[in-house]
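Taking it in order: structure first as structure tokens, then the write-up.
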Amino acid sequence: TTNDLWIAGEFNNSGTATFDVNFDEYKTIYFEGKWTNGASATFSAQSGTIVFANTAAETKDFDSGGDSLSKLNIGNTDPVIITTGTLRLANHLTLSGGLYHYVGTIDASAGTYNISVADTYTFGIDAGGTVGAVAVAFTGGAGTVEVGVVGVGNFNITRDTKATEPYSTSVFTAGSGTITVSGNMSIINGATFTKGPSGLIVFNEGSGLTSDGEDMGNIRISAAAGGDATTLTLQDSLNADNITIDANQFLDVKLNVNNAISCGGNWDNNGTFTARSGTVTFDGSANQDIDAGSSGFNNVTLSNNTFTLSTSTMTVGGNLVISEGKTPTITSNLNESFAVTGTTDGTNGGGVETLAVNTGTGTVTFTGAVGTGDTDMLTALTITNSGTLLFSSTLNITGVLSQTNAATGTTTFSNIVAVGSATLRGVAYSVNNSFTAAAAGAVAVTNSGLFTKGATGAIVAPGGFSTSGAASLANNITTTN
């Protein structure tokens with residue numbers, strides 16, 4: 001064709017026919033009906049644009065025959081075409097240019113049909129409300145969606161910002177197939193992204209992510225074949241399930257912004273996580289595996305009850321917070337260590353929080369204060385390990401401090417300790433300040449090495465104090481039992 005073409009009915013290129021959109025000319029084909037390009041036929045798109053222009057709210061099948069197209073528009077901006085129909089994929093969709101889904105619906109759920117967009121994929125229209133209330137929808141299937149196949153292509157999900165009812169809607173519903181983005185991904189203006197039931201978003205090349213509070217599902221930072229290392233920089237807070245950082249790849253919460261991350265699944269870091277001053281919240285409903293790799297966290301909030309450390313030490317460089325009413329247990333798979341530099345405490349909301357840490361032969365270190373003595377916050381602490389256990393600052397809980405050490409670890413309390421009661425089992429102990437149990441609270445120590453009490457502060461245990469092994473006491477013990 002040498003001019004733009006409008007097809008009010010169906011397009012059917014069958015047999016071994018060839019349809020050529022005029023070499024080196026930017027021609028546009030508008031179609032309203034079914035599109036069929038036979039498996040043996042050839043559609044030569046050149047640099048032309050195809051526009052789905054059905055305004056009758058009809059569903060039309062789109063079969064590319066496996067041929068690559070140039071650009072595909074669903075609806076149009078110039079001239080303005082408010083498509084209300086549904087384009088239902090009946091084959092793979094491969095575009096050497098961009099996909100511009102302004103209005104209407106793409107349904108990719110009828111089969112395992114892959115969508116490959118070499119350039120940018122724009123979903124939704126942002127016309128400042130000038131086009132009226134429009135609806136944009138995508139329904140994914142088992143096929144993959146690739147954006148920026150031959151370079152960096154952005155994936156933009158937006159909504160027309162119409163200020164009065166009826167409002168425009170823009171809903172992208174991912175399928176179970178993988179979405180791969182070689183560029184930036186942005187969800188803005190109140191558009192909706194619905195994660196797939198088991199879907200995955202892979203970011204490669206230079207990437208930024210604006211997710212606008214949407215649950216992104218599983219994400220992975222990877223490198224394209226033959227491409228450079230990828231740094232995914234968060235432009236706002238991230239809410240995701242499994243988060244995976246491949247070897248030599250980077251996840252950054254953004255300099256001077258420190259965007260928060262909520263992780264509802266596993267954390268698997270084989271690359272670099274740049275925590276800056278941000279907070280990572282683990283809020284899954286089942287056990288969460290945490291492989292921190294060589295990167296520490298800054299602030300961490302535990303909003304789940306079971307965690308497993310797999311293959312690497314977990315270091316919290318900031319504060320550790322336990323969410324309201326949670327009783328988390330952190331267990332090492334392979335004797336990984338656990339360390340908190342800042343404070344460790346619960347949340348003041350009427351419930352109580354506890355913490356249990358089991359690191360096998362790994363060490364446990366609390367550099368900052370643990371607890372504040374508030375009965376509505378962290379009340380009990382259980383440590384099971386046979387490596388060293390160190391409390392560098394104050395320990396103040398109203399419940400039980402329980403420790404089970406099986407081997408040669410040394411336990412050190414460097415600062416003031418106040419507990420409801422304590423049951424300690426280990427080897428050697430060094431208590432360098434006062435150690436106080438509550439009224440009727442007992443302190444029972446099972447030690448195979450020396451229990452040493454320094455000269456600063458006394459041991460106060462109204463419910464009784466005992467050691468099973470040798471003790472060196474440089475200050476008083478007060479007990480009524």
Side-chain angles (χ1 to χ4, degrees), residues 279 281-285 287-288 299-307 309 314 316 318-331 338-359 364-385 389-405 411-426 429 431 433-446 457 459-466 478-481:
T279 298
T281 298
F282 292 97
D283 56 0
S285 57
N287 179 73
Q288 292 181 259
N299 299 325
V300 169
T301 299
L302 301 180
S303 295
N304 190 12
N305 286 332
T306 55
F307 302 91
L309 304 185
M314 180 174 178
V316 180
N319 301 325
L320 178 66
V321 176
I322 302 166
S323 294
E324 173 66 22
K326 296 299 181 180
T327 57
T329 296
I330 300 172
T331 303
F338 178 77
V340 181
T341 301
T343 62
T344 299
D345 208 350
T347 304
N348 192 345
V352 298
E353 293 81 52
T354 65
L355 175 63
V357 180
N358 180 355
T359 60
V364 177
T365 304
F366 293 96
T367 303
V370 178
T372 57
D374 193 320
T375 56
D376 287 340
M377 297 178 72
L378 180 65
T379 60
L381 178 63
T382 300
I383 305 293
T384 303
N385 79 320
L389 172 59
L390 172 62
F391 293 89
S392 296
S393 190
T394 57
L395 169 60
N396 190 358
I397 57 175
T398 59
V400 178
L401 170 64
S402 177
Q403 179 200 22
T404 301
N405 277 11
T411 299
T412 302
F413 298 96
S414 299
N415 214 309
I416 296 170
V417 176
V419 296
S421 63
T423 302
L424 307 177
R425 180 177 180 270
Y429 287 85
V431 180
N433 211 309
S434 61
F435 197 113
T436 304
V443 176
V445 182
T446 302
I459 294 177
V460 179
F465 173 81
S466 64
T478 301
T479 179
T480 57
N481 188 355

Item checked: Side-chain heavy atoms of I330 within contact of L302, under 4.5 Å -> yes
Note to self: Main chain of L390, side chain of T365: is a donor-acceptor contact present, judged purely on distance under 3.5 Å?
What the structure shows: no
Checklist line | Flag, side chain of N385 to backbone of T359, donor-acceptor distance under 3.5 Å | finding: no
Notebook entry, point to check: Under 3.5 Å, side chain of T479 to main-chain N/O of G464, donor-acceptor pair present?
Noted result: yes
Next item on the list: Determine, stepwise, if the pair N287 / T331 fulfils side chain to side chain contact (heavy atoms under 4.5 Å, CB included).
Entry: CA-CA 10 Å; N287 179 73; T331 303; over 6 Å; no
Check: Between A440 and P462, which heavy-atom pair has the shortest distance, and what is it?
Finding: N-CB, 3.6 Å
Notebook entry, point to check: Hey, what do you get for CD1 (I322) to CG (N304), rounding to the nearest 0.5 Å?
Noted result: 12.0 Å
Note to self: Please find the pair of heavy atoms, one from D345 and one from M377, that lie closest to each other, and give the distance.
What the structure shows: OD2-CE, 3.3 Å
Next item on the list: Describe, in one word, how the ring planes of F366 and F391 are oriented to each other, choosing from parallel (under 30°), tilted (30 to 60°) and perpendicular (over 60°).
Entry: parallel
Margin query: Check whether N319 reaches the backbone of T343 with its side chain - one donor and one acceptor, N or O, closer than 3.5 Å.
Written below: yes
Margin query: Tell me which one of D283, T281, L320, T347 satisfies side-chain contact (heavy atoms from CB on, under 4.5 Å) with T301.
Written below: T281
Check: Do side-chain atoms of N305 reach the backbone of T327 as a donor and acceptor pair under 3.5 angstrom?
Finding: yes
Notebook entry, point to check: Atom CG of L309 and atom CZ of F338: how far apart are they, to the nearest 0.5 Å?
Noted result: 7.5 Å
Checklist line | Check: E353 side chain, G325 main-chain N or O, donor-acceptor pair, under 3.5 Å | finding: yes
Note to self: side chain to side chain contact (heavy atoms under 4.5 Å, CB included) for T329 and N358? Distances and angles first, verdict last.
What the structure shows: CA-CA 8 Å; T329 296; N358 180 355; 5.5 Å; no
Next item on the list: Starting at CG of L389, measure out to OH of Y429 and round the result to the nearest 0.5 Å.
Entry: 8.0 Å
Notebook entry, point to check: Considering the options V419, V443, T382, which one meets the side-chain contact (heavy atoms from CB on, under 4.5 Å) requirement together with L401?
Noted result: V419
Notebook entry, point to check: Side chains of L381 and T344: closer than 4.5 Å at any heavy-atom pair?
Noted result: no
Notebook entry, point to check: Does the side chain of N415 come under 3.5 Å of the side chain of S393 through a donor N or O and an acceptor N or O?
Noted result: no
Check: Where do F413 and N433 land on the side chain to side chain contact (heavy atoms under 4.5 Å, CB included) test, with the steps shown first?
Finding: CA-CA 7 Å; F413 298 96; N433 211 309; over 6 Å; no
Next item on the list: Could you walk me through whether L378 and L355 pass side chain to side chain contact (heavy atoms under 4.5 Å, CB included), step by step?
Entry: CA-CA 8 Å; L378 180 65; L355 175 63; 4.1 Å; yes
Notebook entry, point to check: Heavy atoms, side chains only, cut-off 4.5 Å: are V417 and V431 in contact?
Noted result: no
